[in-house]
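The structure under discussion appears below in the form of C-alpha cells.
Convention: sequence-line order gives letters A, B, ...; per-chain numbering from 1.
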Amino acid sequence: KQEVTQIPAALSVPEGENLVLNCSFTDSAIYNLQWFRQDPGKGLTSLLLIQSSQREQTSGRLNASLDKSSGRSTLYIAASQPGDSATYLCAALYSGAGSYQLTFGKGTKLSVIP
Amino acid sequence: DTGVSQNPRHKITKRGQNVTFRCDPISEHNRLYWYRQTLGQGPEFLTYFQNEAQLEKSRLLSDRFSAERPKGSFSTLEIQRTEQGDSAMYLCASSLALGVEQYFGPGTRLTVT
C-alpha cells in the first residue's frame with residue numbers, strides 16, 4: 001500500500017528561525033511530489049512541485065528536496081514569519097497501474113511564534 | 001485565471017437528505033479531481049475526470065456518491081441518503097495535464113446532523 005507520512009504532526013518555532021518539515025513515502029515509483037499549505041477551514045495552496053527526475057525546487061524562502069532512493073522529501077522554510085503558521089501537507093503522485101491520484105500525508109501543523 | 005471555485009462553501013443537512021456540490025475548474029484545465037478531507041487527516045482521493053469522462057473512482061466512493069462532468073466543464077458531486085460519516089470537507093482540484101501541478105478550490109464543508 002502506498003503511504004505518505006509526515007513527522008512531526010506539530011511544530012512550534014520562534015519567528016526568524018529556519019526550519020525543515022519532513023515527508024516520507026513508501027514507494028519509490030512516484031511521478032512527482034507536491035507540497036501544499038492549508039490554513040484552518042480553507043482549501044489547499046500549492047507551494048512547490050518536484051518531478052521525480054528533479055532533486056529540488058525553490059520558491060522564495062521555500063526549498064523542497066526529493067530523494068527517491070530513501071523515500072524522503074523535505075520542505076525548508078528560511079527566516080520563518082508568523083504568517084507562515086499553517087498546516088503543511090505533502091502529496092505523492094504515484095504512476096503505477098495508470099492511476100494518477102495524489103496520496104497525502106496527514107500534515108505538519110506549524111506555529112511561528114512572534 | 002480566477003482559480004478553482006466551489007459552491008456552496010458550507011452545507012448543513014439532515015441525515016437521509018441528498019446534497020449536491022459544484023466545482024468550476026480553471027478554464028483551460030481538462031483534468032478534474034474530487035477529494036474528501038476529515039478533521040486531522042490529509043485529503044483522500046475520490047474520483048477523477050478527463051474532460052467529461054470519469055476515468056478513476058476510489059473504493060471510498062460508495063453507491064450513494066455520484067459525480068458528473070457534463071461537457072467537460074464544471075463538475076457536480078452528489079451524495080444521496082447522507083449519513084453522519086459523510087461529514088467532511090469536499091475538495092475539488094484541476095490540472096492542465098496528468099502529472100502536473102493540481103490546483104485546489106476552497107472546498108465545501110458538509111455537516112450531516
Notebook entry, point to check: Where does A:Gln38 contact chain B at under 4.5 Å (heavy atoms): side chain, backbone, both or neither?
Noted result: side chain
Notebook entry, point to check: What residue, out of B:Gly105, B:Ser58, B:Pro43, has the most heavy-atom pairs lying under 4.5 Å from chain A?
Noted result: B:Pro43
Note to self: Same cluster or not: A:Phe25 versus A:Ile50, using hydrophobic residues (I, L, V, M, F, W, Y) connected whenever any side-chain heavy atoms lie under 4.5 Å apart?
What the structure shows: yes
Check: What is the distance from atom CZ of B:Phe45 to atom CZ of A:Phe104, rounded to the nearest 0.5 Å?
Finding: 11.5 Å
Next item on the list: Look at the side-chain heavy atoms of Ile, Leu, Val, Met, Phe, Trp and Tyr, link any pair under 4.5 Å apart, and say whether A:Val13 and A:Leu62 land in one connected group.
Entry: yes
Next item on the list: Identify which part of A:Leu102 has an atom lying under 4.5 Å from any heavy atom of chain B, answering side chain, backbone, both or neither.
Entry: both
Check: Which of residues 64-71 of chain B have a heavy atom under 4.5 Å from any heavy atom of chain A?
Finding: none
Notebook entry, point to check: Side chains of A:Leu44 and B:Leu91: closer than 4.5 Å at any heavy-atom pair?
Noted result: yes
Checklist line | Residues of residues 6-16 of chain B with any heavy atom under 4.5 Å of a heavy atom in chain A | finding: none
Check: So does A:Arg55 have more than 12 non-hydrogen atoms from other groups sitting under 6.0 Å from CZ?
Finding: no
Check: So what's closer than 4.5 Å to chain A heavy atoms on B:Tyr48: side chain, backbone, both or neither?
Finding: neither
Notebook entry, point to check: Between A:Leu47 and A:Leu11, is there a shared hydrophobic cluster once you connect ILVMFWY residues whose side-chain heavy atoms come closer than 4.5 Å?
Noted result: yes
Notebook entry, point to check: Are B:Gln102 and A:Gln34 linked by a side-chain donor-acceptor pair shorter than 3.5 Å?
Noted result: no
Notebook entry, point to check: B:Phe49, B:Leu61: one ILVMFWY side-chain cluster at the under-4.5 Å cut-off?
Noted result: yes
Note to self: Please determine whether residues A:Leu49 and A:Tyr94 belong to a single hydrophobic cluster, defined as Ile, Leu, Val, Met, Phe, Trp and Tyr linked transitively by side-chain heavy-atom distances below 4.5 Å.
What the structure shows: no
Checklist line | Distance (rounded to the nearest 0.5 Å) between A:Ser46 OG and B:Phe104 CZ | finding: 9.0 Å
Item checked: Option in B:Gln41, B:Met89, B:Glu44, B:Glu101 with maximal non-hydrogen atom pairs under 4.5 Å from chain A -> B:Glu101
